[in-house]
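Residues take their numbers from the sequence shown, with the count starting at 1. All figures in this text were calculated on a predicted structure; none of them were measured in a lab. Scope of the values below: all heavy atoms of this structure, side chains included, with no hydrogens, waters or symmetry mates.
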Amino acid sequence: MSLEIPFKLLLLFSSFSFAGVPAGAATAGLGSQYAQLLPYNNQRTSHFFNVKTFGAQADGLTDDTKAFLSAWNKACQATGEVDIMIPKGTYLVGPLKFAGPCENVSKIIVHMKGYLKATTNLFKYGDGAGWVEFRWIEGLTLTGGGTFDGQGAKAWPYNSCSTDFNCKLLPTNVKFLAMNRTIVRGITSVNSKFFHMALVECKNFKGSKIKISAPADSPNTDGIHIQRSSSVYFSRSLIGTGDDCISIGQGNSQVTITSISCGPGHGISVGSLGRYKDEGDVSGLVVRDCTMIGTSNGIRIKTWANSPGRSAATNMTFENINMENVTNPIIIDQAYCPFASCTPMGPSQVKLSDIYFKKIKGTSLSAVAVALECSKGIPCQDIYLEDVHLELATGEKQVTSTCKNVRAKYIGTQIPPPCA
């Protein structure tokens, strides 16, 4: 169950800090390990900041939050290119807020090689806030092979979102807010209390070689959630978690998802949409060359019934997706309700159109491999299925399709057969 977060809740952060030593202050002061970590180029003006210089103990027991904050403050006040180093070791930290704008900084590279452990004291976090937040920063790169460990197992029993429409949101592991020109590469997130990674109001974001892991029964641990963002690209990543591997929320445009391995989890989802008033449209989504392994859904589009306002999701393509023992390989659900029961409501006011499912193949655990349930208030338009080949995993019989409030258009191979 992916929950759409109210925008106001996602803008609850406080400033964050990081400080260090100018690169020009003697290479010897950096030590040989940093020479290996950061090849120095005499042609550039750069400043280097190491959290250990500011008192981080990296013993997994001492609270290193202040050292991280001090280092960021100094880095953000520097000029030119900035390199922040988190060496190997275990750091108990949080919550952390890395805030800009860093007006005189042209680029910030965070070389995260350490293992960060989140505090489990939930009173330290705000409702809907993140554990580690980056906000209002131009030209950030986060890389290095390090790990964000949310220690979520101690928080998951306090998640009431499966029964409470207005539940209190637990902390996201890593949150990016109002960022521009961001690169995230080679980072791991494990056992987040809520979402692993969230993007809100971001532009020009590239993520690759990301590893995300949480138990299949961990609640609301979406791998990557994207909201009100544009020009976003994620590729070559492994995601196994307790909710959607990737969820595309409201207000997104020009999002590309490629070469993602998903499982366990709830698949790759658009939505849920239509829960709140004044939601933005979704357009220009491309999901291709992905694999779903043992997920409850493959490709899913979900919108709430009785939407308080109108919105649209259009021009979306899902291509070359391999399903391995997926319960619902292709599903449109415009009467989405994640709760045990829902009172009768009006139809969804989210218009779905120009949606293409191409080259979808593999095995289904459900006898209904394609389920298209559109809104009776605004029926789906221009839904295309091209070269779909899904077999029942047991091989006992042929799978089927179901359709409501939609006349899909079919091209090429169709297994299961089109709706009657």
Side-chain angles (χ1 to χ4, degrees), residues 10-31 33-35 37-58 62-87 89 91-114 116 124 126 129-144 146 148 174-185 187 199-206:
L10 283 163
L11 289 176
L12 295 174
F13 351 105
S14 41
S15 299
F16 183 46
S17 313
F18 239 154
V21 180
T27 306
L30 297 174
Q33 60 177 319
Y34 306 127
L37 185 64
L38 286 167
Y40 183 69
N41 183 345
N42 289 323
Q43 299 302 313
R44 75 174 191 170
T45 300
S46 186
H47 300 271
F48 298 87
F49 301 84
N50 177 3
V51 293
K52 286 192 172 182
T53 302
F54 297 91
Q57 298 299 302
T62 305
D63 187 344
D64 288 327
T65 302
K66 290 183 179 179
F68 276 63
L69 293 174
S70 296
W72 177 265
N73 281 339
K74 290 294 184 182
C76 192
Q77 294 168 9
T79 300
E81 296 187 11
V82 170
D83 293 286
I84 299 170
M85 285 153 296
I86 306 173
Y91 303 83
L92 178 63
V93 293
L96 298 173
K97 314 296 182 185
F98 299 84
C102 304
E103 295 181 354
N104 297 315
V105 175
S106 59
K107 180 190 295 185
I108 299 180
I109 303 177
V110 178
H111 302 265
M112 179 181 156
K113 291 187 173 292
L116 273 59
K124 290 188 175 183
W131 163 34
V132 178
E133 293 184 1
F134 295 89
R135 62 165 178 163
W136 300 340
I137 303 167
E138 292 270 346
L140 172 77
T141 296
L142 174 63
T143 187
F148 295 94
V174 189
K175 187 173 291 184
F176 300 90
L177 301 112
M179 303 282 288
N180 188 27
R181 296 187 295 111
T182 305
I183 296 173
V184 177
R185 181 175 59 248
I187 292 297
L199 281 62
V200 182
E201 295 280 357
C202 291
K203 297 179 180 179
N204 304 306
F205 192 108
K206 293 184 179 180

Separation between [atom1] of [X] and [atom2] of [Y], rounded to the nearest 0.5 Å:
| X | Y | atom1 | atom2 | answer |
| --- | --- | --- | --- | --- |
| Leu142 | Ile183 | CG | CD1 | 10.5 Å |
| Phe48 | Ile109 | CZ | CD1 | 9.0 Å |
| Met179 | Trp136 | CE | CH2 | 12.0 Å |
| Leu96 | Lys175 | CG | NZ | 13.5 Å |
| Glu138 | Asn180 | CD | CG | 4.0 Å |
| Phe205 | Leu199 | CZ | CG | 4.0 Å |

Tell me whether Arg185 at atom CZ has more than 12 heavy atoms from other residues, nucleotides or ligands lying less than 6.0 Å away. no
Would you say the side chain of [Y] lies within less than 4.5 Å of the side chain of [X], judging by non-hydrogen atoms?
| X | Y | value |
| --- | --- | --- |
| Pro95 | Lys124 | yes |
| Tyr91 | Lys52 | yes |
| Leu116 | Trp131 | yes |

Closest approach of [X] to [Y] (non-hydrogen atoms, all atoms of both residues):
| X | Y | value |
| --- | --- | --- |
| Thr65 | Gly94 | OG1-N, 2.9 Å |
| Ala67 | Ala56 | CB-N, 3.4 Å |
| Asp83 | His111 | OD1-NE2, 3.2 Å |
| Cys76 | Pro101 | SG-O, 3.9 Å |
| Pro87 | Val51 | CD-CG2, 4.0 Å |
| Ser106 | Arg181 | O-NH2, 4.2 Å |

Worked verdict on Ile137 versus Ile108 for side-chain contact (heavy atoms from CB on, under 4.5 Å): CA-CA 9 Å; Ile137 303 167; Ile108 299 180; 4.2 Å; yes
Check: Gln57 side chain, Gly55 main-chain N or O, donor-acceptor pair, under 3.5 Å: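 Looks like yes, one N/O pair under 3.5 Å.
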So does Thr79 get a backbone contact from the side chain of His47, meaning a donor-acceptor N/O pair under 3.5 Å? yes
Is the ring pair Phe176/Phe134 parallel, tilted or perpendicular, if the boundaries are 30 and 60 degrees? parallel
